[in-house]
Number of protein chains: 2
Amino acid sequence: MRADADLTARARIRDAAVNRFAVEGFGAPLRSIAKDAGVSAGLVMHHFGSKDKLRAECDEHLLATIRRLKRENVAEAAAGQSFFHKFAAVEENAPIVGYVLRSMQDGSPLAREFIDHMVDDAVGYTRDGVAAGVIVPSRDEAARARYLTLSSLGSLLLEVTLNPPSDPHDLGAIVRSFLNNSYLPMLELFTEGFLTSRRMLDEYLMYVPDPPSQDEAAPAPTPG
Amino acid sequence: MRADADLTARARIRDAAVNRFAVEGFGAPLRSIAKDAGVSAGLVMHHFGSKDKLRAECDEHLLATIRRLKRENVAEAAAGQSFFHKFAAVEENAPIVGYVLRSMQDGSPLAREFIDHMVDDAVGYTRDGVAAGVIVPSRDEAARARYLTLSSLGSLLLEVTLNPPSDPHDLGAIVRSFLNNSYLPMLELFTEGFLTSRRMLDEYLMYVPDPPSQDEAAPAPTPG
DNA sequence: CCACCGGCTGAACGCACGTTCAATATGCTA
DNA sequence: TAGCATATTGAACGTGCGTTCAGCCGGTGG
């Protein structure tokens with residue numbers, strides 16, 4: 001609460017932590033974070049109390065940043081490619097993307113909140129798209145939005161996990177290449193589908209109640 | 001080598017390691033693995049040399065088991081649902097699934113090999129399905145197979161990471177509930193698509209060369 | 001001037017972990 | 001029986017980590 005000297009020290013540590021966490025994961029040593037920020041490890045404790053508190057503040061700060069970026073880019077968001085479109089700007093804010101991916105990797109509350117936001121956004125986009133007639137309606141819009149979001153983020157997470165970038169700057173290239181490889185099959189699937197007949201879908205619809213059923217352990221339509 | 005006394009000790013340790021790794025991840029302490037197996041930590045070192053060697057042997061053993069299970073179930077594998085169908089038997093071999101998911105989570109070579117196998121299987125299944133006329137052809141079958149496999153496995157990984165089971169037996173319930181929630185949107189997407197017009201796909205096809213183009217920035221999934 | 005207070009440091013503590021080692025028990029071989 | 005290899009243990013070592021602590025430095029108030 002003092003002058004800028006205080007704030008800059010805290011901010012430097014926080015940013016260094018975000019970068020280290022994004023690159024090495026949350027097992028990154030506190031001492032290397034401190035070194036990146038040009039301070040001692042003790043000072044980190046003095047300012048944040050513990051490593052967990054530091055991470056919590058990073059979470060909070062990143063969530064705020066993400067919300068701001070979303071608000072700024074909400075005009076450009078187009079239905080149908082919204083999940084990916086946001087990551088197109090990954091080059092400029094690679095640390096954020098890396099941090100979020102690391103959060104997904106260890107299932108932190110930030111990942112849960114981020115994903116829930118993405119699902120909510122997807123619900124809105126698909127609702128608009130369906131209303132505009134460019135997206136086919138679903139029998140369970142919420143389930144579809146969650147399915148599409150989890151598929152997109154999950155496959156990205158898997159790809160980055162299998163090919164981890166050493167330099168955080170490489171993350172942009174990896175994400176971009178992933179999108180390039182995904183775009184054709186995704187568009188094909190979205191416009192032409194995958195199955196030629198309705199048989200499997202119709203059979204499934206005969207077995208389960210059609211309304212949106214958030215269920216925990218319903219008897220699956222085990223074929224065979 | 002020797003009598004069953006030797007084998008059982010090694011095997012007990014290996015199985016205990018698989019279980020612990022599946023439940024807690026690969027950071028699980030060697031001492032708790034040893035306790036699960038009813039032996040001392042030193043004996044684990046004596047038999048396996050190091051924790052990494054123990055894990056390598058777990059990897060090897062699981063890959064062999066997976067290959068065997070695949071061979072046994074290959075008759076039941078049906079195109080289009082093959083990725084999921086395999087996991088339907090998750091209740092009986094939850095440790096295997098948990099271990100593989102943990103491997104994906106940290107991007108080990110086992111995960112890479114497992115996924116490459118899954119992609120290869122998907123290529124085969126879709127080829128058969130296309131030949132039989134039940135699956136629509138793709139302009140890049142390899143890319144589609146990889147896309148579908150990464151999406152399925154990635155979303156499952158994400159779901160399990162966000163809702164980690166404490167008891168490995170719960171893993172089956174989580175996977176089953178995930179499949180239940182995914183099945184409708186997946187079947188809808190596979191049979192009815194997502195977009196109502198071909199515009200985005202056609203526009204994309206105008207911009208890129210249509211033949212299968214493996215991007216340069218990404219390490220290509222070079223088969224064998 | 002002195003006293004104080006917060007930013008800041010380096011050294012040290014304590015813990016959990018992988019690993020090593022000397023010692024003991026249990027066979028098998030000659 | 002002696003002798004030797006193997007299975008097994010408990011204690012100890014070394015390390016990396018988060019965290020604690022006593023103290024230094026610089027500015028501010030009295």
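The analysis underlying the following values was restricted to heavy atoms, covering all of them including side chains, and did not include hydrogens, waters or symmetry mates. Reminder, nothing fancy here: chain letters follow the sequence lines and each chain counts from 1.
Atoms NZ (A:Lys51) and P (D:dT20) sit 15 Å apart, rounded to a whole Å. In this entry the distance linking CZ of B:Phe48 with P of C:dT20 reads 16 Å, nearest Å. Taking atom CG of B:Leu43 as the reference point, atom P of C:dT19 lies 15 Å away to the nearest angstrom. Rounded to whole angstrom, the span from the NE2 atom of B:His46 across to the C1' atom of D:dT6 amounts to 6 Å. Whole-Å rounding puts the B:Asp52 CG to C:dG18 C1' distance at 10 Å. Between the CZ atom of B:Arg10 and the P atom of D:dT8 there is a distance of 11 Å, rounded to whole Å. Between B:Met45 atom CE and C:dG18 atom P there is a gap of 9 Å when expressed in whole angstrom units. The interatomic distance linking B:Arg12 (CZ) with D:dA7 (P) rounds to 13 Å, in whole Å.
Taking only side-chain atoms of B:Leu30, from C-beta outward, the nucleotide of D:dT19, C:dG18, D:dT8 with the closest atom is C:dG18. Comparing D:dT9, D:dT8, C:dG10 by their nearest atom to the side chain of B:Val39 picks out D:dT9.
Atoms CZ and CG, from B:Arg31 and B:Asp36 in turn, are 14.5 Å apart once rounded to the nearest 0.5 Å. Rounding to the nearest 0.5 Å gives a distance of 10.0 Å between CD of B:Glu57 and CD1 of B:Ile13.
Because its NZ or CZ atom is not both nearer than 6.0 Å to the ring centre of B:Phe194 and within 45° of the ring axis, A:Arg144 does not count as a cation-pi partner of that residue. For the pair A:Arg55 and A:Phe26, the cation-pi criterion (under 6.0 Å, within 45° of the ring axis) is fulfilled.
Looking at A:Tyr99 and A:Asp59, their side chains do bring a donor and an acceptor atom within 3.5 Å of each other.
Contact annotation: side chain of A:Arg31 to base of D:dG16, donor-acceptor pair absent below 3.5 Å.
One finds a side-chain N or O of A:His47 lying less than 4.0 angstrom from the OP1 or OP2 phosphate oxygen of C:dC8.
Within 4.0 Å (heavy atoms only), A:Ala28 reaches sugar-phosphate atoms of the nucleic acid but no base atom.
Toward the 5′ end of DNA chain C lies the nearest nucleotide of A:Gly42, the other residue of the pair A:Gly42 and B:Pro29 mapping further downstream.
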